[in-house]
Amino acid sequence: MKSIITYIAGVAAFILASGLASAQPTIYPAKAQERPVAITGATIHVGNGEVITQGTLLFDQGKITYVGGATTVPAEALTIDAAGKHVYPGFIAPNTNLGLVEVSSVRATVDFAEVGENNAHVRSLIAYNTDSKVINTLRSNGILLAQITPQDGVVSGQSSVVQLDAWNWEDAAYKIDEGIHINWPTVRFGRFGGGPSNPEAQKEQVQAEIAQLEGYLSEAKAYAELGGDKVSNARFEAFRAVFAGDRQVYVHANRATDIIAAISSLKRLGIKPVLVGGTEAHLVTELLSDNQIPVIVRQSHSLPYASDADVYLPYKQAKLLSDAGILVAYSIDGFWQQRNLPFMAGTAAAYGMDKEQALATITSNTAKILGIDDRTGTLEVGKDANIIVSSGDALDMLGNDIERAFIQGRDINLDDLHKQLFERYEYKYGLIEDR
């Protein structure tokens with residue numbers, strides 16, 4: 001991946017050129033929790049379907065110590081009166097290139113893809129930029145964790161889960177190199193499909209790509225079984241943890257035919273993947289359910305995939321999959337749109353899904369898929385204190401008003417560039433007084 005010096009220089013050049021380097025306050029990562037904290041009188045959404053009214057939540061040294069009704073609060077605790085407010089687990093954004101790109105039109109700030117088709121050995125984590133100004137906009141809407149994911153090629157590379165309040169990528173790491181991402185080869189009809197304009201030629205090309213991918217995966221499995229003591233291959237080595245059951249495979253596919261082909265092919269190699277995208281996943285629910293394949297639904301605020309499909313299908317798809325017994329989580333394309341993640345779940349609730357079940361699509365379900373549910377995703381004793389407090393319904397655009405947020409018990413700063421610019425121009429036009 002590109003030199004970090006080039007990356008920083010590009011970001012700095014953009015900021016200076018755009019005038020964003022004006023005297024805006026610096027947002028520092030929060031210090032470790034120093035004393036117990038009690039949130040009282042709130043409606044607590046545990047994340048597993050349970051809701052506690054007028055509840056109390058205690059946490060200390062970064063871990064939740066109590067969740068339930070009114071209880072005795074330690075004398076030394078910081079008490080937050082949250083009467084009439086809502087408390088949620090921190091939201092989790094899967095499948096995002098957050099921190100790998102700052103300004104799409106400035107090449108020096110784009111670092112989410114590597115040259116070549118097979119980059120299984122590439123680690124997105126080491127390119128993650130904790131100084132991205134986009135990160136703070138996500139925290140302001142309740143997103144506290146994210147899966148940083150590489151893109152492009154057939155095998156894009158390895159993703160990692162990070163917490164969104166850190167000095168550097170080492171501090172940010174929450175679960176390192178937890179998955180490898182495969183973009184299943186597919187036919188792209190039309191002039192702008194990216195392949196031969198002849199459909200038959202495209203099909204032949206796709207079949208060749210699939211055969212090549214399957215051959216590589218078979219060799220990677222053989223390599224893992226040999227032990228790799230005498231020879232070393234970085235691309236094969238990346239899959240060793242997959243075949244040992246310690247690393248997830250995420251297969252990106254949308255068409256029903258591609259989903260069937262991908263699951264069948266990977267199953268023959270002993271790999272049970274997570275499906276990402278799944279535009280037509282609702283057409284193959286039996287296959288997904290029988291093989292216990294989780295689905296990360298992408299970009300539900302969009303038009304349906306086909307001109308004759310139900311116009312509301314993207315809003316309903318998560319419920320259709322969930323009703324079929326499939327574990328579902330939400331994601332959004334790109335990086336800056338991730339701040340709208342809570343509203344994907346809110347839309348699902350508006351179109352038939354139970355409200356707490358919808359909340360799970362951005363909390364507990366996502367944590368299960370990413371393999372971090374032992375640490376986060378729900379507000380339960382012993383788990384990390386990744387918590388948000390909202391004055392209203394956090395899944396609703398009008399109600400989402402995050403007043404406090406804690407990552408591993410640390411009281412994080414919820415300021416961001418959007419808020420700073422809003423206040424700046426409020427002052428300019430005399431809507432607020434000088435502070």
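Only heavy atoms go into these numbers, but all of them, side chains included; no hydrogens, no water, no symmetry mates.
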Aromatic centroids of Phe239 and Tyr223 separated by under 6.0 Å = no
Taking [X] for the side chain and [Y] for the main chain, is one N or O donor matched with an acceptor at less than 3.5 Å?
| X | Y | answer |
| --- | --- | --- |
| Ser390 | His86 | no |
| Glu178 | Gln147 | no |
| Thr109 | Val101 | no |
| Thr96 | Ala93 | no |
| Asp396 | Leu398 | yes |
| Asp111 | Leu100 | no |
| Lys133 | Leu417 | no |
| Ser264 | Ile260 | yes |

Residue pair Asp177 / Arg247: nearest heavy atoms and the distance that separates them |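 Looks like O-NE, 2.9 Å.
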For the pair Leu98 and Leu164, evaluate side-chain contact (heavy atoms from CB on, under 4.5 Å) and give the outcome as yes or no after the intermediate values.
-> CA-CA 10 Å; Leu98 176 71; Leu164 302 185; 3.9 Å; yes
If the plane angle is over 60° it's perpendicular, under 30° parallel, otherwise tilted; pick one for Tyr312 and Tyr315.
-> tilted
Give the C-alpha distance, both sets of side-chain angles, the deciding distance and a yes or no for side-chain contact (heavy atoms from CB on, under 4.5 Å) between Phe59 and Ile39.
-> CA-CA 9 Å; Phe59 56 95; Ile39 302 175; 4.0 Å; yes
Between the side chains of [X] and [Y], does any donor sit under 3.5 Å from an acceptor?
| X | Y | answer |
| --- | --- | --- |
| His418 | Ser140 | no |
| Glu356 | His45 | yes |
| Asn48 | Thr378 | no |

CD (Gln61) with more than 12 external heavy atoms under 6.0 Å |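 No - once you tally the heavy atoms of other residues, nucleotides and ligands closer than 6.0 Å, there are 12 at most.
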Heavy-atom count around Phe422 CZ within 6.0 Å, excluding the residue itself: above 12?
->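 No, not enclosed.
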Please determine if Arg375 forms a cation-pi arrangement with Tyr174, meaning its NZ or CZ atom is less than 6.0 Å from the six-membered ring centre and no more than 45° off the ring axis.
-> yes
Could you check Val87, Val389, Leu57, Val37 and say which one makes a side chain to side chain contact (heavy atoms under 4.5 Å, CB included) with Ile80?
->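 Exactly one candidate clears the test, Val37.
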Short N-O contact, Asp373 and Lys368, less than 4.0 angstrom =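 Answer for the salt bridge query: no.
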May I ask you to test the Pro150-Asn119 pair for a side-chain heavy-atom distance under 4.5 Å?
-> no
For Asn136 and Asp415, run side-chain contact (heavy atoms from CB on, under 4.5 Å): C-alpha distance rounded to whole Å, both residues' side-chain angles, the deciding distance at 0.1 Å, then the answer.
-> CA-CA 7 Å; Asn136 300 331; Asp415 196 10; over 6 Å; no
